[in-house]
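Everything on this sheet refers to the single structure shown next.
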2 protein chains.
Amino acid sequence: MSVMVPGERVTIYDVAEAARVSTATASKALNDSGRMAVETRARIKRVAQELGFRPNSLAQSLTRKRSFTVGLLTNDSYGRFTLPVMAGISEGLIDHGVSVFLCAVGDKPELAQVHVEAMLDKRVDGIIATGKRVDRPLPVDLSRMPVPVVYALTAGPEEGLTILPDDRQGAGEAVRHLLAQGRRRIAHITGPRDFEVVHERALACAQVLAETAGASDAGALYGSWSEHWGHEAVAELWSQAQRPDGIFCGNDQIARGVVDALRERGVSVPGDVSVVGFDNWEIVAKETRPPLTTVDMNLKELGRQAGLALVRLVTGEPVDKGIWRLPCSLIVRSS
Amino acid sequence: MSVMVPGERVTIYDVAEAARVSTATASKALNDSGRMAVETRARIKRVAQELGFRPNSLAQSLTRKRSFTVGLLTNDSYGRFTLPVMAGISEGLIDHGVSVFLCAVGDKPELAQVHVEAMLDKRVDGIIATGKRVDRPLPVDLSRMPVPVVYALTAGPEEGLTILPDDRQGAGEAVRHLLAQGRRRIAHITGPRDFEVVHERALACAQVLAETAGASDAGALYGSWSEHWGHEAVAELWSQAQRPDGIFCGNDQIARGVVDALRERGVSVPGDVSVVGFDNWEIVAKETRPPLTTVDMNLKELGRQAGLALVRLVTGEPVDKGIWRLPCSLIVRSS
DNA sequence: CTCGATTGAGAAAACGGTTTCTCATACCAA
DNA sequence: TTGGTATGAGAAACCGTTTTCTCAATCGAG
């Protein structure tokens, strides 16, 4: 059992001395490189182990020209979407010995610039950009970086690698689920028109309805991402003669508002009307009465993929550029 | 205007050569150390500027024995509390040129261990531990680290430095606010008994009520942190003869459930009953009808303080150990 | 004019590793 | 024996900075 003495970490010189070899030999032994007698290699490794030797990453990085470090830029201060992505990135990279610099830049270009320079100075091997909006870039231009960049859940340049959830596929599954429940007249209540995902989801929704015999499209209502809007939209729909029996919502908050509004009107969910949300924001979806059926964007997996793609870029392995769309999963609950 | 050539960053040798001095002189000029003619210093700085020289942090760290890097350990996969803390840490540290390694460890001790070793190998100057629960430690022992550790929003050892919100003060303000609104009979609906914050807040609540003439304590109800429990608790309170006219809730979700339940019963908020929440989780608090008056724990500021405390520890400046309690703020809305 | 003090700048070592050579030794066949 | 070839290990250079020490040149005082 080795005792850790604060501030006195054991170096490769200590190992070399204890094993009575040169640092060159010690280094080669520990890295399984070079040529030497198997016993020598084993002895050096044993000594290193006994001494609790851990190589100084800084020194290694200096010669290896690789820091095993990447920068993570985010403008999301709230974390609802970003944190799962971050966790996935961190998890996917730690196996490769890669650590992640967290850079919360908000919307401030100067702050973003400072962070980018700080990470470049620290010689990150690559950068992951992530954000709260898929169709908005970060407040800094990353197209001329000296290291590879991957964009996850945020807008990147044409020629880069961008990883996004497959909103169309997710929305399609949601609508098909409603149809499979026997619903025929489907309405779509969603967020503001200027969000790209709003169009993607609406498009997929309309398309599935158009393709399905017997299904009728009650149209899409655009509003805000809030419960309040869910209430309003229900009021609007229920003021009309022909009412939907299935509602696909642009996110879980809207769905939450919709379900509450329906309950207040005495409409049974899922007895009379089925509702599907989007995001699988558990704290909302599980609290809704009844618990919400919704679409999960698998953000953690998306983060993991982003991390792995970046190390492939760093190590020069071939990677398909362009936009990757990762599948969403339908989470079936009671609504 | 300097052109960035990928992979060919300019070193201090380039600067020294261009300025016709030695690297020693160049280094001293750029760090405002050593002795030399003012014009020499200015010339070197100008040349460095023109060449777009940025020192290699790895090399600097190696000699300076400081990496200007800290590790951030978190077990919160959800980010509701942690992300503001992280943002605060990152913001507070970037001014000092310090970058933050993000380590999401979940509840897995092995993963935590791997991360700790990775950051120690990368020679972090210090570690910040943060978590989702104030009274639960992370799944790894940080008491024998070779670098300083600060605990933010998670349990740390006696002899360490732990930074927490002042739950008592926050709860006190909440209750005093209810009293100031003319409420006299106050109930406390809160989370599970095994959370320390639950006791802190309940204690402060009871204490303020006991100290205030004319105020009456309707008692505390313990349940889960959910809206559902808010509904249940209201049902319980309203089944009794004597009902409260002010309710202080342990978090915003409970408060949300309480407000909804009251509305469903035809009780006006804030007409008949005033409600105050805790957390200022805007996405819940602002969506509640009416918007929720609540307590903000100032988590971003807490994170900033944690970061600054850590750099003081790193640089050897005096820092009070023990538990710091940072004040909460009452956010007055309509409830 | 001389001598000590000050000034400005560079040589070299250090930080903790990796890697490319070089080289002595042992080995084998001729 | 000789000569060529593996083999095992070390010397030294290098990565990009910082820092300590040394030293020549200049300066001011006596």
Side-chain angles (χ1 to χ4, degrees), chain A residues 5 7-45 47-48 51-69 97 118 120-125 146, chain B residues 5 7-45 47-48 51-69 97 118 120-125 146:
Chain A
V5 183
E8 288 289 343
R9 299 202 52 156
V10 10
T11 72
I12 202 168
Y13 293 96
D14 303 324
V15 174
E17 189 178 353
R20 324 194 124 267
V21 292
S22 70
T23 61
T25 306
S27 175
K28 284 181 291 191
L30 297 171
N31 291 299
D32 284 322
S33 65
R35 280 182 330 202
M36 74 193 61
V38 280
E39 321 65 270
T40 309
R41 198 182 289 278
R43 174 165 50 91
I44 294 172
K45 282 186 174 179
V47 169
L51 261 46
F53 169 71
R54 308 234 57 190
N56 183 330
S57 271
L58 298 170
Q60 284 186 317
S61 303
L62 205 51
T63 56
R64 294 223 235 246
K65 306 286 188 188
R66 230 192 113 186
S67 66
F68 288 86
T69 277
L120 253 26
D121 289 348
K122 294 205 164 101
R123 294 305 191 267
V124 292
D125 298 327
Chain B
V5 183
E8 290 290 342
R9 300 202 48 157
V10 9
T11 72
I12 202 168
Y13 294 99
D14 302 324
V15 175
E17 190 180 350
R20 325 194 126 264
V21 292
S22 68
T23 61
T25 306
S27 174
K28 284 180 291 190
L30 297 171
N31 290 299
D32 283 323
S33 65
R35 282 183 327 202
M36 75 192 62
V38 280
E39 33 310 352
T40 308
R41 200 183 288 279
R43 174 165 49 92
I44 295 173
K45 283 185 174 178
V47 168
L51 260 45
F53 169 71
R54 308 235 56 188
N56 183 329
S57 271
L58 298 170
Q60 285 186 316
S61 304
L62 204 52
T63 56
R64 294 222 236 244
K65 306 283 189 191
R66 233 194 109 185
S67 65
F68 288 86
T69 276
L120 253 25
D121 288 349
K122 295 205 163 98
R123 293 306 191 268
V124 291
D125 298 328

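Just so it is clear: chains get the letters A, B, ... in the order the sequence lines come, proteins before strands, and each one is counted from 1.
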For residues [X] and [Y], determine if any side-chain heavy atom of one lies less than 4.5 Å from a side-chain heavy atom of the other.
X	Y	result
Lys122(A)	Phe68(B)	yes
Ile12(B)	Pro55(B)	no
Arg9(A)	Asn56(A)	no

Starting at atom [atom1] of [X], determine the distance to atom [atom2] of [N], rounded to an integer number of angstrom.
X	N	atom1	atom2	answer
Ile44(B)	dA9(C)	CD1	P	8 Å
Arg54(A)	dG17(C)	CZ	P	12 Å
Leu30(B)	dT17(D)	CG	C1'	11 Å
Lys122(B)	dG17(C)	NZ	C1'	15 Å
Glu39(B)	dG8(C)	CD	C1'	10 Å

ask   = Measuring from Ser67(B):OG to Leu62(B):CG, what's the distance to the nearest 0.5 Å?
value =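 Ser67(B) atom OG to Leu62(B) atom CG measures 11.0 Å (nearest 0.5 Å).
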- Classify the nucleic acid contact of Arg66(A) as base, sugar-phosphate or nothing, counting any heavy atom under 4.0 Å across all strands shown.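 Contact class for Arg66(A): none.
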For the side chain of Thr63(B) and the backbone of Gln60(B), is there at least one donor-acceptor N/O pair under 3.5 Å apart?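 Such a contact is found between Thr63(B) side chain and Gln60(B) backbone.
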* Do the side chain of Arg20(B) and the main chain of Glu17(B) share a donor and acceptor less than 3.5 angstrom apart? ->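 Pair absent, no side-chain N/O of Arg20(B) close to backbone of Glu17(B).
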Nucleotide by nucleotide, nucleotides 7-16 of chain D touches protein heavy atoms under 4.0 Å in the pattern (B base, S sugar-phosphate only, - none) BBBBBB--BB
